[in-house]
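Letters A, B, ... are given to chains in the order of the sequence lines, protein chains preceding strands, and every chain is numbered from 1.
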Amino acid sequence: KAGVTQTPRYLIKTRGQQVTLSCSPISGHRSVSWYQQTPGQGLQFLFEYFSETQRNKGNFPGRFSGRQFSNSRSEMNVSTLELGDSALYLCASSLVAQGAGGYTFGSGTRLTVV
Amino acid sequence: GENVEQHPSTLSVQEGDSAVIKCTYSDSASNYFPWYKQELGKGPQLIIDIRSNVGEKKDQRIAVTLNKTAKHFSLHITETQPEDSAVYFCAASFSTGANSKLTFGKGITLSVRP
């Protein structure tokens, strides 16, 4: 079966711009979680959506937001980009909430803010 | 909230030797402990997981042990091969409750010398 698909793979944006990242989970998975990965901080939890509802949120500013559609696809948006937002953004899907049965990660979107 | 720490941050072993990666967690309510492997340019991949009602789990060359009293769990890789070289992440969560989330350690880079 198809894995988790994240688009785009790479993105370069200028400070102050906004960006939208997309994630298509494995068919049948209703939970989508987003993580930010940086060399110094590892994997930091952004938020989780389950059946179109945000179920949990990490400690990120309000510039980071997300949503989930009825087909379980999810998008995350970052507004007013800062240099420190440069990171690999990973999406993970799972059958049940919070990856209790194990996450399947996508390959990520590499965001560079210049 | 939960805090997960991994030690050491890097590990180098000779091909054929065993590798042990240790993690500690802070929240005694955590009951689910997965391990992920991340290869260059890819998202993390679940390789093994353990729940708090089990002390040890094996899958071919890899095994995970859990010590709930000491709040630590370890990944054991036997007969290491060059393709085991990657970044390994441990994680912990309590898999019930509206605010549960998977918290990751910062990762360890394993290098297997041929």
**Student:** Under 4.5 Å between side-chain heavy atoms, hopping through other hydrophobics if needed: is there a path connecting B:L46 to B:L66?
**Tutor:**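 No, because B:L46 and B:L66 fall into different hydrophobic clusters, even though each may have its own neighbours under 4.5 Å.
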**Student:** By a 4.5 Å heavy-atom criterion (distance strictly below it), what part of A:Q41 contacts chain B: side chain, backbone, both, or neither?
**Tutor:**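 Interface part for A:Q41: both.
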**Student:** Indicate if B:I21 and B:V13 have the same hydrophobic cluster label, given that clusters are the connected sets of ILVMFWY residues with side-chain heavy-atom separations under 4.5 angstrom.
**Tutor:**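 Per the 4.5 Å side-chain linkage, B:I21 and B:V13 are co-clustered.
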**Student:** What side chain to side chain donor-acceptor pair (under 3.5 Å) pairs are there with at least one residue in residues 78-91 of chain B, not counting sequence neighbours?
**Tutor:**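 Output for this query lists B:R61-B:D84.
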**Student:** Would B:V54 and B:V64 show up in the same hydrophobic cluster when neighbours are defined by side-chain heavy atoms closer than 4.5 Å?
**Tutor:**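 Linked, B:V54 and B:V64 end up in one cluster.
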**Student:** What parts of residues 74-92 of chain A touch chain B if we use heavy atoms and a cut-off under 4.5 Å?
**Tutor:**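 Residues A:L88, A:L90 are the ones that qualify, each having a heavy atom under 4.5 Å from chain B.
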**Student:** Can you establish whether the number of heavy atoms outside A:R15 located under 6.0 Å from its atom CZ is more than 12?
**Tutor:**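 Count not over threshold, so no.
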**Student:** Would you find more than 12 non-hydrogen atoms of other residues, nucleotides or ligands less than 6.0 Å from A:K57 atom NZ?
**Tutor:**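 For A:K57, atom NZ is crowded (more than 12 foreign heavy atoms under 6.0 Å).
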**Student:** Same hydrophobic cluster for A:F47 and A:Y35, using side-chain heavy-atom links shorter than 4.5 Å among ILVMFWY?
**Tutor:**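 Per the 4.5 Å side-chain linkage, A:F47 and A:Y35 are not co-clustered.
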**Student:** Under a 4.5 Å side-chain heavy-atom rule over Ile, Leu, Val, Met, Phe, Trp and Tyr, are B:Y32 and B:I62 clustered together?
**Tutor:**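 No, it is not one cluster - the side chains of B:Y32 and B:I62 are not joined through contacts under 4.5 Å.
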**Student:** Which residues in residues 104-114 of chain B have a heavy atom less than 4.5 Å from any heavy atom of chain A?
**Tutor:**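 If one takes a 4.5 Å heavy-atom cut-off, the residues of residues 104-114 of chain B near chain A are B:F104, B:K106.
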**Student:** Examine distances only and state if a side-chain atom of B:Y36 and a backbone atom of A:Y103 form a donor-acceptor pair shorter than 3.5 Å.
**Tutor:**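 Pair found, side chain donor or acceptor close to backbone of A:Y103.
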**Student:** Inspect the surroundings of CG in A:N71 and state if more than 12 heavy atoms from other residues, nucleotides or ligands are less than 6.0 Å away.
**Tutor:**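 Enclosed: over 12 neighbouring heavy atoms sit under 6.0 Å from CG of A:N71.
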**Student:** Measure B:Q45 against the heavy atoms of chain A and call it side chain, backbone, both or neither at under 4.5 Å.
**Tutor:**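 No part of B:Q45 comes within 4.5 Å of chain A.
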**Student:** Could you tell me which portion of A:R110 (side chain, backbone, both or neither) has an atom closer than 4.5 angstrom to a non-hydrogen atom of chain B?
**Tutor:**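 A:R110 has no heavy atom closer than 4.5 Å to chain B.
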**Student:** How about B:Q60: does its CD atom have over 12 heavy atoms from other parts shown lying under 6.0 Å from it?
**Tutor:**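 Open.
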**Student:** Tell me the disulfide bond (SG atoms under 2.5 Å apart) pairs involving residues 52-93 of chain B, sequence neighbours left out?
**Tutor:**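 Disulfide bond (SG atoms under 2.5 Å apart) check on residues 52-93 of chain B returns B:C23-B:C90.
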